[in-house]
Amino acid sequence: MISIAKPQSNSAASAQLNILLIDENVQRAESIVTALDKTRYKVSHLASSQIGLLKQVDKIQPDIIVIDIESPNRDMLESLHTISHHNPKPVVMFSSQQDTETINLSVQSGVSAYVVGDIDPERVKPILDAAVARFREFHKLKDELNDTKHELESRKSIDLAKRLLMKTNKMSEEQAFHSMRKTAMDTGQKLENVAKTIVSMLRSLEKGNEHD
Amino acid sequence: MIKPEQSDITLGFIPLTDSAPLIVAKELGFFEQWGLNVTLQKQNSWATLRDKLHAGVLDAAQMLAPMPIASALGLGSSPANVITPLVLSLNGNAITISEALLQEVLKENNIANITLPMAGYLLQKVIDKRRNRGLPKLKFATVFPYSCHFYQLRDWLKASKVDLDNVEMVVVPPVSMVACLESGEIDGFCVGGPWNAKAVRAGIGMTALTSFDIWQDSPEKVLGLLESFHQKNPNTVLLLCAALKQACAWLESVPNRFEAARLLCQPAYLDAALDVIAPSLLGSCLTHKSLPPRSIPSYNQFSVSNNGCINQPELVRGEWLIKHMVSAGQIPPDITIPLDLVGRVFRPDIYQKMRLLIADQAEQFYRRSG
């Protein structure tokens with residue numbers, strides 16, 4: 001597991017993180033709050049049976065949510081992303097029941113959820129550190145994947161535009177590329193957007209010709 | 001009779017009126033008759049029920065009909081090959097609005113009472129007023145993102161030309177629904193029994209319409225299990241389906257329905273009063289403290305409807321659910337729906353094998369009894 005408490009990333013590491021702790025066991029919750037005193041984690045606690053969780057999530061804007069896996073409020077958390085379009089948040093679930101390991105194995109490959117055994121106040125800080133790190137890592141990978149996909153898409157449009165230009169304007173590959181680049185520079189647009197415009201224009205011209 | 005590969009089974013359920021088939025099969029010994037030793041495990045949330053099923057902590061579970069599809073697509077969790085060989089119930093949900101919203105609707109539309117089932121367009125004036133005065137949007141709750149409740153609520157509003165952007169939709173666990181309605185945190189909800197009846201008995205809301213008024217006879221709860229479990233234990237799955245199918249058939253008679261309501265009351269199951277569980281099972285929809293109940297014979301269906309037997313997981317029903325998931329914007333652009341998805345998740349083939357098993361058993365029984 002990558003630790004994010006490295007000195008070089010001190011600005012990110014020392015920033016305060018808001019935690020929403022959803023636990024009906026008040027005693028356990030209090031000991032967790034005490035254990036996290038004087039760390040970068042600021043805990044707001046909420047008993048599971050209490051209503052008003054939605055308002056709390058809006059108010060606290062938690063960076064991490066820590067919840068008992070047996071809490072009925074898990075379904076509400078599931079909806080934050082899918083229905084209410086909140087940004088996904090790391091969720092750390094704890095469970096005092098057996099079989100936690102098995103559930104963990106199946107959840108672990110998931111997005112942001114992370115199951116730990118019965119939460120032990122002494123272990124809670126490293127667990128949270130690990131969850132935050134995992135979540136950031138996952139999103140970094142996801143962003144990278146999106147960037148790569150986008151890059152591929154844009155190359156595809158540029159290639160297509162180039163080929164269409166070569167065909168319709170009888171240009172060489174180099175000429176086609178230069179003409180696109182010049183248009184992009186003159187109009188202050190991205191090459192990709194110029195390519196897309198060319199493709200749609202030439203396509204509609206082609207269609208028009210077919211009808212003639 | 002065939003022998004189960006695994007006879008000890010853990011079956012997950014959420015305490016709701018339509019968990020009746022599971023509870024009846026357990027209490028009346030149907031599982032044992034089919035050679036199974038089933039432990040029912042009460043769950044507090046659909047998300048945790050799903051995670052436990054994916055992990056194999058539960059062998060099978062009662063699920064919301066869209067959940068196996070969501071699991072197969074990896075929506076809200078990692079992808080898992082969940083299949084459904086049996087539909088457990090149809091209908092059963094209803095939309096209840098708070099007393100405060102009811103009064104607002106009456107006032108804004110300048111009417112003295114509302115004809116039930118309530119038309120969604122009556123909300124339009126309230127929505128307009130709230131928007132013009134910069135008041136918070138109307139807030140409706142359902143139970144899970146991948147649920148018929150959510151799609152039914154959307155369909156009701158869409159059919160009345162209510163712009164969904166003007167209404168906020170949230171998820172609240174069923175156990176907190178009534179309290180949230182009372183505190184004004186939400187203005188209405190779409191949920192299954194006994195929670196609508198509970199709100200009406202408590203005098204804090206009006207059940208405006210049932211899911212049967214919106215969609216007729218669409219699967220509500222299904223039996224879900226992992227395809228890998230089925231591969232390993234094909235006989236166990238057939239026997240489990242046979243016992244549950246028997247319970248569904250038993251629930252067809254009204255006198256039996258009342259007995260079922262008594263079983264559901266117990267602390268191990270719904271832990272709720274008979275007067276909130278029994279009505280929907282007997283085809284009665286409580287509406288409001290000062291209004292008579294509506295007769296909705298199909299409020300909870302477990303075995304047959306006007307269109308015949310309901311327990312077979314029809315592919316066309318699966319397609320219909322996927323259509324709603326797409327329309328609700330629940331399929332992210334990076335997920336493509338495989339063409340064989342419904343056929344992989346909805347398994348009428350297993351259902352048909354189970355039918356043969358039941359027919360075979362019946363024949364043997366008659367032969368023995370001469």
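So you know, we letter chains A, B, ... as the sequences are listed, proteins then strands, and number each from 1.
Counted within 6.0 Å of NZ on B:K137, heavy atoms from surrounding residues, nucleotides or ligands total more than 12; the atom is thus considered enclosed. By the neighbour-count criterion of 12 heavy atoms within 6.0 Å, atom CD of B:Q266 is densely surrounded, having more than that number from other residues, nucleotides or ligands. Heavy-atom neighbours of B:K158 NZ from other residues, nucleotides or ligands within 6.0 Å: above the threshold of 12. Shown here is A:R155, whose CZ atom has no more than 12 heavy atoms of other residues, nucleotides or ligands within 6.0 Å. Atom CD of A:Q27 has 12 or fewer neighbouring heavy atoms from other residues, nucleotides or ligands inside a 6.0 Å radius.
Under 4.0 Å is where a charged nitrogen must lie from a carboxylate oxygen, and between A:E70 and B:K42 no such pair does.
Residue A:I67 holds its CD1 atom at 7.5 Å from OG1 of B:T48, rounded to the nearest 0.5 Å. With values rounded to the nearest 0.5 angstrom, A:R74 atom CZ is found 6.0 Å from B:R50 atom CZ.
A:S79 and B:P145 make their closest contact through CA-CG, 3.7 Å (heavy atoms, listed as atom of the first residue, atom of the second, distance).
None of A:L77, A:N73, A:D75 except one satisfies the side-chain contact (heavy atoms from CB on, under 4.5 Å) rule with B:V171; the exception is A:D75.
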